[in-house]
Amino acid sequence: MSDAATLFETDEATFSGTVEVLGVIFSAEDDGYAVLEVQDADSGEGFALVGPVAHLCAGDRAEVSGEWQTHSRYGRQLRARGALPLDPADREGRIAYLISLRHIGPTRAERLVDEHGEGVLGAIAANPAGVFGALRGVSAKQAAAAAESWHASRAVRDLHVQLAPHGLAHLAAPIHARYGERSMAILHEDPYRLTEVDGVGFARADKIALAADVPPESSRRAQAAAVYALTEAEQQGHTNLPLAELTQRTARLIGLDPDPEVLVAARGLLVDEGRAYRELTHASEIAVAATLRARAAAPPHLDHEPGETASDGLTDEQWAAVRAAFATRISVLTGGPGVGKTVCTRAVVTEAEAAGAKIALCAPTGRAARRLEEATGHGAQTIHRMLEWMPGREPGFKPGHPLPADLVIVDESSMLNLRLAEVLLGGLAESTHVVFVGDADQLPPIGAGKPFEDLIASEIAPVVRLSHIFRQAARSMITTAAHEINRGRPPHLQPAEDQNHDFFFIDRPSPERALETVVEVVAERVPKRFDLDPIRDVQVLAPMYRGAVGIDVLNERLQARLNPRGKPALNGRFRVGDRLIQTRNSHELGLMNGSIVLLRTDDPEEEAIVVDTDEGGSLVIPYGETATLRLAYAISVHKAQGCEVPVVVAVCHRSHARMLTRPLLYTAITRARRTCVVVGDPAALAMGVRRDDGGGRHSALAERLRG
């Protein structure tokens, strides 16, 4: 007998009827599974409802169908096949539903129910803007927003009806958020487009398509899988896939061996020298290669010679980088911590100012730009802000209308993906000298491509690798640990003579003890020893979100310890005082992926929160723009690229074994400005140091650059 059979005993009886949700026992956001406490609306009998019902909340009514089963531990349950939300049947339910609409708080909801009685929802359905606009104190703008909110809620219910038979009802809201009024048409006409929605992979879209009679062996299905496989590959960092690998990935998705010629005939795909690309990504790679080759081959535009003798305090290799910035239109400066990249960058700025050149300094993130500005004394911006670019729109500075700058320094260039490099180069004049500065040994960028690494590998432009570790930097164990890891050697855990003990390793092989130690270090040891704010000045880094010492559980425990009495905000998602991270670019708000903020206030009446940004200002964020905020007491190492914090507490545990690599450990340690504490076990650290996995990305840029 199977394990499932020992847990469940299926009854013969089925159920179909109306239930009222009394409470949520468990809800999994990722797949829509939930366990609810409900009661039969007719008999009043209470029972547990399990299955894809996470779209229901306490107080909801729903038309439910399913089969009874008996769990060996939890007793009799109804396993739902479908659960269609219904309009509330009583006054309290109607008020609760109306409160969920924008600008309709408890007082206005009660007023609507008093005025329209049991037919309030029907009255609103007939004329939403009119009913809301007739409320005293509601402006025309608020009435329009409330009406829009009403229409969206009804459209989501219609999607529920269509998606429930596939067990995907919980995806109705995100699908509507993506496609709006086109949602139903896309659902029926091109269900594979649903893979564009977070949480809808190929398997789920395929389930809907097959139910709509798309033949399993159809070319349409195979091509949709190929497009999805390439899109997924780009998210993993590849710009292309060898055709054989694309065929293999597609076969895994559809369970059949596809014809490669059928796959490459998919709309939006092409093959170049045996490599399969999405057309847009192929065009980006061609454009970046052509631009870099042309500018690297062109004579210098700036008429300035820094001289052959190094300025005071600079080494010969540093001075070579300064000279290269003026001798060629494209140059590269790279090296690890403590080798003087900042001093060298400052010298380039000084020489450019002496030459009367117009200079622009930029970096991929706000934190990196601010650090660049502090280091050089010259204004710096994010690349997006410098180019006046909001993705989805044309940049303000673009081909034909370039940024008026003679020399541009791009810091943290290892974070540039292919698309960002394309827009950056397209926004600069052909005559502009560009100096790419970065650490080539850090993690590759988020997104497709690795332009910085490919530019270095191509050897078409001068590359200066700073290698001399200055005495002051060598006094830091963080610096020496980073360089040891980069050479494939486990770092020394005890300071050498005259070294600052700023790097610590705490051996905690047990995941439970590792978790406890991380919380203790952040909440007690760091504030006591260094007099630092554990929320503002300490960043916990981990390789994975799930697991006993993953980012999710770390955030839960750290929030409970560091901000136990914070006022609940955003319906309990966060607490006032929480450290948060933005997980997607929001150019309208000026809040980029990876930006850290502190939640200061929550104003339900204005439907907005106020946060302190990592650039030193404050920002008002409407409720509708908060879905991409997450707790940030602990974040991934990838999200920490481009930033420095006073104290880093990094988790290096065997439960994260498959994610531990030399570039990841190197990047984590070099985020610390003052102190780095690694918690985990030595075996995991040694294993990560041995695994020199720089990403292994499929990219043809270096080859194209060489010609």
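The first residue of the sequence shown is numbered 1, and numbering continues consecutively from there. The figures that follow rest on heavy atoms only: side chains count, while hydrogens, waters and symmetry mates do not.
A salt bridge is absent between Arg546 and Asp552; no separation between the charged side-chain nitrogens and carboxylate oxygens falls under 4.0 Å.
Under a 3.5 Å cut-off, the side chain of Arg600 and the backbone N or O of Val610 do not form any donor-acceptor pair. Between the side chain of Ser149 and the main chain of Ala145, no donor-acceptor pair closer than 3.5 Å is present. Proximity of a side-chain donor or acceptor of Glu115 to a complementary backbone N or O of Val120 within less than 3.5 Å is not detected. Looking only at distances, no side-chain donor or acceptor of Glu607 sits under 3.5 Å from a matching main-chain atom of Pro622. Side chain of Thr583 to backbone of Thr628: a donor-acceptor contact under 3.5 angstrom is found.
Two residues are said to be in side-chain contact when any heavy atoms from C-beta on lie closer than 4.5 Å; His116 and Val131 meet this criterion. Thr18 has its side chain out of reach of Asp42: every pair of non-hydrogen atoms, C-beta onward, lies at least 4.5 Å apart. Residues Val214 and Tyr192 are in side-chain contact: their nearest non-hydrogen atoms beyond the backbone lie under 4.5 Å apart. Here the side chains of Leu163 and Ile208 are in contact, with some heavy-atom distance below 4.5 Å. Between Gln582 and Val597, every side-chain heavy-atom pair lies at or beyond the 4.5 Å cut-off. No side-chain heavy atom of Asp206 sits under 4.5 Å from any side-chain heavy atom of Ile254. Side-chain atoms of Arg108 and Gln142, non-hydrogen and from C-beta on, do get closer than 4.5 Å to each other. Leu580 is not listed as a side-chain neighbour of Leu598, based on a closest heavy-atom distance of 4.5 Å or more.
The shortest heavy-atom contact between Ala62 and Leu56 is CB-CD1, 3.9 Å. Nearest approach of Leu554 to Val651, heavy atoms of both residues: CD1-CG2, 4.0 Å. Shortest non-hydrogen contact noted between Pro191 and Arg220 is CD-NH2, 3.5 Å. Between Val53 and Ala83 the shortest heavy-atom distance is CG1-CB, 3.8 Å. Closest of all the heavy-atom pairs between Ser618 and Asp612 is CB-OD1, 4.2 Å. The minimum heavy-atom distance between Arg221 and Pro215, with the atom names listed, is CD-O, 4.0 Å.
The distance from atom OG1 of Thr107 to atom CZ of Arg136, rounded to the nearest 0.5 Å, is 10.0 Å. Taken from CZ in Phe15 to CG in Asp40, the straight-line distance is 4.5 Å, to the nearest 0.5 Å. Interatomic distance, Glu20 CD to Leu36 CG, rounded to the nearest 0.5 Å: 13.5 Å. Here the straight-line distance linking atom CD of Glu520 with atom CZ of Arg557 works out to 11.5 Å at 0.5 Å rounding. To the nearest 0.5 Å, atom CG of residue Asp190 and atom CZ of residue Arg182 are 11.0 Å apart.
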Ile621 and Leu629: CA distance, side-chain angles, deciding distance, side-chain contact (heavy atoms from CB on, under 4.5 Å) verdict: CA-CA 10 Å; Ile621 305 178; Leu629 288 171; 4.3 Å; yes

Which is it for Tyr633 and Gln559 under the side-chain contact (heavy atoms from CB on, under 4.5 Å) test, yes or no, and what are the steps along the way? CA-CA 7 Å; Tyr633 298 100; Gln559 182 198 47; 3.7 Å; yes

Let's go through Ile104 and Leu135 carefully: what are the C-alpha distance in whole Å and the side-chain angles of both, what is the deciding distance for side-chain contact (heavy atoms from CB on, under 4.5 Å) to 0.1 Å, and is it a yes or a no? CA-CA 10 Å; Ile104 306 297; Leu135 279 170; 4.0 Å; yes

Decide yes or no on side-chain contact (heavy atoms from CB on, under 4.5 Å) for Thr231 and Arg278, but give the supporting numbers first. CA-CA 8 Å; Thr231 303; Arg278 291 198 312 137; 3.8 Å; yes

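If you run side chain to side chain contact (heavy atoms under 4.5 Å, CB included) between Leu558 and each of Val540, Val649, Asn563, only Val540 comes through.
For Asn555 and Tyr545, the side-chain atoms include no donor-acceptor pair closer than 3.5 Å. There is a side-chain donor-acceptor pair under 3.5 Å between Arg508 and Thr517. Remark: the Ser655 side chain and the His653 side chain contain an N/O donor-acceptor pair separated by less than 3.5 Å.
Applying the side chain to side chain contact (heavy atoms under 4.5 Å, CB included) test to Thr195 and every residue at least two apart in sequence or in another chain returns Ala205, Tyr228. Tyr179 is linked by a ring pair (Phe, Tyr, Trp, His ring centres under 6.0 Å) to nothing, counting only residues two or more places apart in sequence or in another chain. Partners of Arg91 by side chain to side chain contact (heavy atoms under 4.5 Å, CB included), not counting sequence neighbours, listed by chain and number: Ile95, Glu110, Val113, Asp114.
With a 6.0 Å radius and a threshold of 12 heavy atoms from other residues, nucleotides or ligands, Asp257 has its CG atom at or below the threshold.
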